[in-house]
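All remarks here apply to the structure that follows.
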Amino acid sequence: MKKILFIDRDGTLLREPADEQIDALEKFAFVDGCITALAFIRRHTEYLLVMVSNQDGLGTPLFPEEDFLPFQRLLLETLRGEGIVFDAVHIDRSLPEDNAPTRKPQLGMLQEYLDETKYDLKGSYVIGDRDSDRELAKKLGCGFLLPDWEHVRSVVCTTGMRTADIRRTTGETDIAVALNLDGSGTADIATGIGFFDHMLCQIARHGNIDLTLRCKGDLDVDEHHTIEDTAITLGEALGKALGDKRGIERYGFVLPMDDCAAEVAIDFGGRGWLVWDVDFSRETVGGVPTEMWKHFFKSLSDSARMNLHISARGENNHHKIESIFKAFARAVKMAVRRDADHFTLPSSKGLL
């Protein structure tokens, strides 16, 4: 689904004069930072740009079209020269006292964007300087941003929610994963294996990832399919939530835990690979064969197409496993962090 920036005109793109009509060249000036921020957003994101403006009495003697159109064309052509092309422009011509259904903050001009099968309004924003813009955001169910354009660029490029919902059903397991990379670390996990649930909770908590996971597996056979298929589904969710990976750090972590130290080096570089340097002195921990942990991370790395190097040292096998999961979570947290000042693909190949 497409995300949208609904952008006000006067006071947001152009400085608004005292008489609230931009009808002379000396009144025509861009808001500071507007062009730079919009060019960056247009170049590095897939947001649609939609202008939404009230122009009181446009086309009447109060505001003749010949006083408005030259400066509207100048606005659009100046932005076009910087690579900023609006996908749509909606101008309401009514007066406030008309109470027209097309006048902001009413939605008469914007009915086409209410189709939830085409547009992600929860992931969209209204950008404007008036209370009517703030109210429009509420009616649309969007976020609202004032035209502080450096802040707008940062928010739009780095705080959009990266989520995924994956359902995977086979003859051996039925798994549903809902994941938010920009969460707060909440976990709601049930796989039927208590120790496995405890480990998966570490990924959520220490990775600041909101994770809901349900697995119904053939535990009457053994734990293998449940752990393997959970890794595959979780990996698919990670890959989907990362999207095109623009702006992420990509790499990331060493973590001590009591007598143990775990090191997880990660690269979301598009190639699955696992290097595993971990030995256990027990065959099972928490009822799970210790051999399954290598298999879990191998399946996860293949599914998410990430490179993982994992090593751990220590005496307590429970601590060793838990330190690996915590270090993995911290590595993911580091690697998926986004930087608005470098919102490009972290690769010389142009593809991850």
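FYI, the numbering just counts along the sequence from 1. Model, not experiment: these values are computed from the prediction.
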Angle between ring planes, [X] versus [Y], binned at 30° and 60°: parallel, tilted or perpendicular?
{"X": "Y113", "Y": "F6", "result": "perpendicular"}
{"X": "F297", "Y": "F328", "result": "perpendicular"}
{"X": "F28", "Y": "F30", "result": "perpendicular"}
{"X": "W293", "Y": "F195", "result": "perpendicular"}

Identified salt bridge (charged side-chain N to carboxylate O under 4.0 Å, His left out) counterpart of D87 within the set K2, R42, K3 = R42
Kindly check if the number of other-residue, nucleotide or ligand heavy atoms within 6.0 Å of [atom1] ([X]) is above 12?
{"X": "E116", "atom1": "CD", "result": "no"}
{"X": "K27", "atom1": "NZ", "result": "yes"}
{"X": "E315", "atom1": "CD", "result": "no"}
{"X": "E97", "atom1": "CD", "result": "yes"}

With side chains defined as the heavy atoms from C-beta onward, is the minimum distance between [X] and [Y] less than 4.5 Å?
{"X": "R9", "Y": "V89", "result": "no"}
{"X": "R168", "Y": "I232", "result": "yes"}
{"X": "H295", "Y": "E291", "result": "no"}
{"X": "M292", "Y": "E223", "result": "yes"}
{"X": "L179", "Y": "D210", "result": "no"}

For K138 and D133, what are the C-alpha separation, side-chain angles and deciding distance, and is it a salt bridge (Lys or Arg N to Asp or Glu O under 4.0 Å)?
-> CA-CA 9 Å; K138 291 181 181 179; D133 298 306; over 6 Å; no
In terms of heavy-atom contacts, P64 and L58 come closest through O-CD1, 4.4 Å
Yes or no on side-chain contact (heavy atoms from CB on, under 4.5 Å) for D165 and V177, after CA distance, side-chain angles and deciding distance?
-> CA-CA 6 Å; D165 289 276; V177 173; over 6 Å; no
In the single-linkage hydrophobic clustering (I, L, V, M, F, W, Y; side-chain heavy atoms under 4.5 Å), do L49 and W149 co-cluster?
->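 L49 clusters together with W149.
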Sequence neighbours left out, what passes side-chain contact (heavy atoms from CB on, under 4.5 Å) with A265? Give chain and number order.
-> H309
Salt bridge check: are [X] and [Y] linked by an N-O gap of less than 4.0 Å?
{"X": "D182", "Y": "R162", "value": "yes"}
{"X": "K326", "Y": "E322", "value": "yes"}
{"X": "R93", "Y": "E65", "value": "yes"}
{"X": "E16", "Y": "R130", "value": "yes"}
{"X": "D92", "Y": "K104", "value": "no"}

For the atom pair CG (N180) and CD1 (I209), what is the distance rounded to the nearest 0.5 Å?
-> 9.0 Å
Look up atom CD1 in I248 and atom CE in M334, then write down how far apart they are to the nearest 0.5 Å.
-> 13.0 Å
